[in-house]
Amino acid sequence: MEGFPSPKHLLLLLFTAALLLVSLSLRSFPTIRSLSSHRHSFRGGSTGTDGAGETLHVHKNPYHPLDPLTYNEIKAIRSIVASHPDFASPNTFPSIHSLSLLEPEKAVVLAWRPGDTLPPRRALVVAYSANHTHVLPVDIASRSVLRHVVRARPAGYPSLTPEEMERATKAAAAHPDVINAVFYRGLNPSSGVVCGPLASGWYGPEEENRRVIKVQCYAKSPNFYMSPVEGLTVTVDVDTGGVIRVSDQGLGIPVPRNRDTDYRYESQRRMPTTEEVAVNPMSMEQAGRPSMRVGAGGHAVRWAGWEVHIRPDARAGMVVSRARFRDPEGGGAWRDVMYKGMVSELFVPYMDPGEGWYFKTYMDAGEYGMGTNAFPLLRLNDCPRNAIYMDAVFAAADGTPFVRPDVVCVFERYEGDVAWRHTENPAFGYDIREARPKVTLVARMVASVGNYDYTVDWEFQMDGLIRVKVSLSGMLMVKATRYGNLSQVPEGEDLYGTLVADNIVGVVHDHFVTFYLDMDVDGPSNSFVKVHMETQETAPGESPRKSYMKVVREVARTEEDAKVKLKLYDPSEFHVVNPSRLSKLGNPSGYKLVPGATAASLLDLDDPPQKRAAFTNNQIWVTPYNRSEEWAGGLLAYQSHGDDNLAVWSQRDRKIENEDIVLWYTMGFHHVPCQEDYPIMPTVFSTFDLKPVNFFRINPIIRAAPYTEEDLPVCSGVHATL
């Protein structure tokens, strides 16, 4: 992998910039501000010349077929697109909505070895101009556009650029009805208002054949999410810039202006606290040098038997590829586990059917981009002292590259957990006390998609297990209300959420995170096996027991066989096995998916947002590998209709037995807000595991060494007494 010594995107939704509060000179209302993209993300990048800046990135070269596009490669791609006949002068250069690595064919990547010539470097460009979506695979070396696919009236669009969002927001904020509505609520020019665009979903004729966006406003404050101008929603035609409709159903609802919403430390440090609440800073220190090794290109990592390629991605946030493990019992041979894993889509429906809320059913990856909303990680707080960092190079709407520093961190972690242990009872004549510390390798990125912050961890363990963890924090999306106490709410009125502060309702909502998991257990040809557990009654007189749990294995032949809705009282294990790789005992080599806490969508299957997000109809799907089927919500997710997604692809019921297959898993969260979520939410999380099952002959870390006092650095410390 990527330069080890021997033995040895879609739519760059550049909704990311610092909180760009651009002043709109609106006649007599000059203090309205616009958020260049909403939910609420902003474009920004490094322009400096230090280690994380653009200057050094200009000189970087790819070392591995899956390395992300470099700064110079993106510049070359822009030049190639600009010289394409359809876009060359005097024609208009399109807006670039996605510019990402077009990965080589899988067989080519699997055959590549360090030192080999890299396969042709290519990009997939998704652009938009003159009411047409353009999909262009580009070959860098030959400076050619390999194909030019034009979609005149697609059932979906690429995500909007910051410039388009800014233009729509300005059009809404300049509308006389919006200005009047803001004044009516007592917000004068000295207080200020911020407005921003929201993805509209798709609900029928009004959205047909044109790109539309919703715009809503807030009273200006450090935590403006807690001060919505309730009921005011503006629908804007993105292409013409015209206002389609202004809806104001919030007259009489006050704008919340609570004083305790500022969550910044500079504000909170002045608040009274007690000694018992304070915790002294902690850090893990490692004896000797770090155990992980990073390849020359900065994206391939080796650690404790693992080798994995990690790269930032504008849409997925982070892509983990070529995960393989060196078998301690197999002569040190590398064994494949997973070819590619990533967040494919993140569906967030809010549960208020009102005019200002029904459309809030977001697809955060496809409509906003997990990577383009990944800002520089906060060292020592997002990631520990021993972390290494990866920068991202993305493309702006005009196709020029920019650098986003420190969007991925990788670090070794020890939390006091135990990898394995046993103490023998001395009554048996053995004085045995054995335990081994559990140390793991974590690759992390954080996407701040508007009010929510999503932390995605890929954790690699020494025993071959991969744990994927998604953590949620940030701010609630709230609605303003007339009520300051539940006693004021008329009987039978649905708040669609919880009263979390004076005049503020935290609206009930869901989060569904769908993962793409291209498992290649000991090679591409795998099968999906449901290991079903069922009750078996004993025969009369057979045993004092009346029943036991019986295991029945069922190999999925086609896609339909592999659709799974999790059921607590009808349990199964879910194995991906290589039927051609048998252990000495005859068991197929495999990995199993172990779901953690999760949730299922309760929306009607014919509800428009659920049709678009039909990939959440099951928690597990299995499909045959297809390079064009990576995004569960479809390539073009903005205003998509639901006719190009995982559920539609799977209707073909293709063969998946002993094939190159992809496992899809959806992790779900139901969120009924509570007072403790205000004004910023403590982190909650869920996980799932990819666990070896008959992959190793025995416990692969049985020979791991215990720690002793002599192994560890000595840090001074005094235990306080009560």
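Below, each value reflects all heavy atoms present in this structure, side chains not excepted, and no hydrogens, waters or symmetry copies. In what follows, residues are counted from 1 in the order of the sequence shown. Treat the numbers as computed from the prediction; the structure is a model and nothing was measured.
- When side chains are defined from C-beta on, H309 counts as touching D67, because their heavy atoms get closer than 4.5 Å.
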I would like to know whether E103 and R311 meet salt bridge (Lys or Arg N to Asp or Glu O under 4.0 Å); could you show each step before the answer? CA-CA 12 Å; E103 296 179 8; R311 75 172 190 264; 2.7 Å; yes

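- Counted by atom type alone, H299 and Y63 present zero donor-acceptor pairs between their side chains at under 3.5 Å.
- Scored by the side-chain hydrogen bond (donor to acceptor under 3.5 Å, both in side chains) test, R627 finds E105 as partners (sequence neighbours excluded).
- Residues Y339 and L110 are in side-chain contact: their nearest non-hydrogen atoms beyond the backbone lie under 4.5 Å apart.
- A donor-acceptor pair shorter than 3.5 Å cannot be found between the side chains of H575 and N694.
- Taking 4.5 Å as the limit, every side-chain heavy atom of E459 sits out of range of all side-chain heavy atoms of L441.
- Aromatic ring centroids of F669 and H509 lie 6.0 Å or more apart.
- When only modelled atom types and interatomic distance are considered, Q610 and N617 share a side-chain donor-acceptor pair under 3.5 Å.
- For S640 and R612, the side-chain atoms include at least one donor-acceptor pair closer than 3.5 Å.
- Remark: K584 engages no residue in a side-chain hydrogen bond (donor to acceptor under 3.5 Å, both in side chains) (not counting sequence neighbours).
- Side-chain contact between M390 and I310: present, with at least one pair of heavy atoms (C-beta onward) separated by less than 4.5 Å.
- You'll find the side chain of Q461 reaches within 4.5 Å of the side chain of R467, heavy atoms only.
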Please report, to 0.1 Å, the donor-acceptor pairs under 3.5 Å made by any side chain of residues 657-666, with sequence neighbours excluded.
| from | atom 1 | to | atom 2 | distance (Å) |
| --- | --- | --- | --- | --- |
| E657 | OE1 | R557 | NH1 | 2.9 |
| E657 | OE2 | R557 | NH1 | 2.6 |
| E659 | OE2 | K655 | NZ | 3.0 |
| D660 | OD1 | K106 | NZ | 2.8 |
| D660 | OD2 | K106 | NZ | 2.9 |
| W664 | NE1 | T623 | OG1 | 2.9 |
| T666 | OG1 | T514 | OG1 | 2.8 |

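- Within 6.0 Å of the CZ atom in R553, the count of heavy atoms belonging to other residues, nucleotides or ligands does not exceed 12.
- Using a 4.5 Å cut-off on side-chain heavy atoms (C-beta onward), M445 and V408 make contact.
- Remark: F428 CZ is loosely packed, at most 12 non-hydrogen atoms of other residues, nucleotides or ligands lying under 6.0 Å away.
- Remark: the S547 side chain and the R545 side chain contain no N/O donor-acceptor pair separated by less than 3.5 Å.
- More than 12 non-hydrogen atoms from other residues, nucleotides or ligands lie less than 6.0 angstrom from OH of Y389.
- Less than 6.0 angstrom separates the ring centroid of F695 from the ring centroid of Y591.
- Side-chain atoms of D364 and Y454 form a donor-acceptor pair, as typed in the model, at a separation below 3.5 Å.
- Using a 4.5 Å cut-off on side-chain heavy atoms (C-beta onward), W112 and P119 make contact.
- Counting heavy atoms from C-beta outward, V521 and V577 have side chains that stay 4.5 Å or more apart.
- Side chain to side chain, E412 and S291 meet the donor-acceptor criterion of an N or O pair below 3.5 Å.
- Atom CG of residue D520 and atom CZ of residue R324 lie 12.0 Å apart, to the nearest 0.5 angstrom.
- In this model, no donor atom of one side chain and acceptor atom of the other lie less than 3.5 Å apart for K563 and N618.
- Annotation for E424: atom CD counts as buried by contact number, over 12 foreign heavy atoms lying within 6.0 Å.
- Side-chain contact, D522 with S589: a donor N or O sits under 3.5 Å from an acceptor N or O.
- With 3.5 Å as the limit, one finds no donor-acceptor pair spanning the side chains of W621 and E559.
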side-chain hydrogen bond (donor to acceptor under 3.5 Å, both in side chains) assessment of D644 paired with W649: CA-CA 7 Å; D644 179 29; W649 308 332; 2.9 Å; yes

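- For K438, the NZ atom counts as densely surrounded, since its 6.0 Å shell holds more than 12 non-hydrogen atoms of other residues, nucleotides or ligands.
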Quick one, E329 with F696, criterion side chain to side chain contact (heavy atoms under 4.5 Å, CB included). Give me CA distance, side-chain angles, the key distance, then yes/no. CA-CA 8 Å; E329 296 257 324; F696 300 106; over 6 Å; no

